[in-house]
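Below is one structure, written out as structure tokens; the observations come after it.
Indexing begins at 1, ligand by ligand and atom by atom, following the structure's order. Predicted model only: the values in this text are computed from it and were never measured. Positions are given from 1, in the same order as the sequence printed here.
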Amino acid sequence: MDAAFFRTWMTEAGTVIEAQRDHLTQLDAAIGDADHGINLARGFAAITAALATNATPTPGSVLVLAGSTLISKVGGASGPLYGMALRQAGKSLGDTDEAGLPDLSASLEAALAGVQKLGAAREGEKTMVDALAPAVAALQKAIAEGAGAATALAAAAAAAAEGAQATISMQALKGRASYLGPRSVGHEDPGAASTALIMGALRDVARREAP
Ligand code: ADP
Ligand code: MG
């Protein structure tokens, strides 16, 4: 998976987030301040623009630029958290021209560690961690079982989607939604939902370009 693969992942994630912008914002309206879709759509549009105007010769440079762009363009909790995730993922890839599946897995592990370092959320607290952590675990398991990129990333995306659904029954213990206490139960976490979309974009790009 080369730099072009990662650029395609980021721009396709932007397309999906733009298409789901109102849905993500509605999820945030229920338990937050109704800006998650707006925040992320703006951030990913800025990523697409930054990738079009800056040289990103390596996979790592794509993700570092994407993360830095989110940090500078998106306020709220999710900008710095996704920005940290992408920057850490990019740093973990180093300056290799071609990332293998184990490299990608390690980079997503680094993304998760970055989110948890910054946001201190554990699994079960109704955040993006509840989609990202199962995705990382599913990817590691699929690789250990010998799966190729398309199959392994399909498993990761499915685990992220399941993880996002599982946030419905959770009470929020981190972020703005935690102010609602038990009233946060019964709604999908917007950040977990957007993580599932981003992992879905990765699955789709891999199915086409790295089967
Ligand atoms: P804000 O909450 O500032 O309005 P957004 O609406 O863009 O920011 O993002 C909200 C999402 O951020 C939540 O749905 C949750 O997934 C994620 N989030 C909030 N706080 C944390 C945290 N401490 N750790 C991980 N994710 C978090
Ligand atoms: Mg919000």
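At the shortest separation from atom 8 (O) of ligand 1 among protein heavy atoms lies Ala77 N, 3.2 Å. Atom 2 (O) of ligand 1 has Arg176 NE, 3.6 Å as its closest protein atom, hydrogens excluded (heavy atom only). Taking atom 9 (O) of ligand 1 as the reference point, the nearest protein heavy-atom neighbour is His36 ND1, 3.2 Å. The protein non-hydrogen atom at the shortest distance from atom 24 (N) of ligand 1 is Ala121 CB, 3.5 Å. Residue, atom and distance of the protein heavy atom nearest to atom 16 (O) of ligand 1 are Asp189 OD2, 2.6 Å. Regarding atom 18 (N) of ligand 1, its nearest protein heavy-atom neighbour is Leu81 CD1, 3.7 Å. Scanning the protein heavy atoms around atom 17 (C) of ligand 1, the nearest turns out to be Met128 CE, 3.9 Å.
Heavy-atom contacts of Asp35 reach the following atoms of ligand 1: 4 (O), 5 (P), 6 (O) (cutoff under 4.0 Å). Which parts of ligand 1 touch Gly191 is read off a 4.0 Å heavy-atom cut-off, strictly below it: atoms 13 (C), 14 (O), 16 (O). Taking every heavy atom of Asp28 and a limit of under 4.0 angstrom, the matching atoms of ligand 1 come to 6 (O). Close contacts of ligand 1 with Gly175, meaning ligand atoms under 4.0 Å from a residue heavy atom, involve 19 (C), 20 (N).
Note on Asp35: its N/O/S atom closest to the Mg ion (ligand 2) is OD1.
Ranked by closest heavy atom to atom 22 (C) of ligand 1, the top entry among Ala29, Gly119, Pro80, Gly75 is Gly119. Taking all heavy atoms of Thr127, Ile31, Asn39, Thr25 into account, the minimum distance to atom 26 (N) of ligand 1 is reached by Thr127.
Geometry at the Mg ion (ligand 2): OD1/Asp33 and OD2/Asp28 form an angle of 90°, nearest 10 degrees.
With Lys126 contributing its side chain and Ser184 its backbone, the two residues share a donor-acceptor pair below 3.5 Å. Using modelled atom types, one side-chain atom of Glu125 and one backbone atom of Arg122 make a donor-acceptor pair closer than 3.5 Å. With hydrogens and angles disregarded, no donor-acceptor distance shorter than 3.5 Å links the side chain of Tyr179 to the backbone of Gly32. In this structure, the side chain of Thr56 does not engage the main chain of Val62 through any donor-acceptor pair within 3.5 Å.
Note that CD of Glu12 is 7.0 Å distant from CG of Asp204, once rounded to the nearest 0.5 Å. Between the OG atom in Ser78 and the CG atom in Leu40 there is a gap of 4.5 Å [rounded to 0.5 Å]. Distance check: Thr167 OG1 to His187 NE2 gives 11.0 Å after rounding to the nearest 0.5 Å.
Shown here is Lys73, whose NZ atom has no more than 12 heavy atoms of other residues, nucleotides or ligands within 6.0 Å.
Contacts between Val74 and ligand 1, counted as non-hydrogen atom pairs separated by less than 4.0 Å, are absent for every part of the residue.
Contact between Pro190 and ligand 1 is present, with at least one heavy atom of the residue lying under 4.0 Å from the ligand.
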field: Intermediate values then yes/no, side chain to side chain donor-acceptor pair (under 3.5 Å), His36 and Thr25
entry: CA-CA 5 Å; His36 188 63; Thr25 290; over 6 Å; no

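Below 3.5 Å of separation, one finds an N or O of Ser78 facing an N or O of ligand 1.
Paired with Leu86 under the rule side-chain contact (heavy atoms from CB on, under 4.5 Å), one option of Leu81, Thr69, Leu63 passes, and it is Leu63.
In this structure, Gln140 and Ser105 approach most closely via the heavy-atom pair CG-OG, 3.6 Å.
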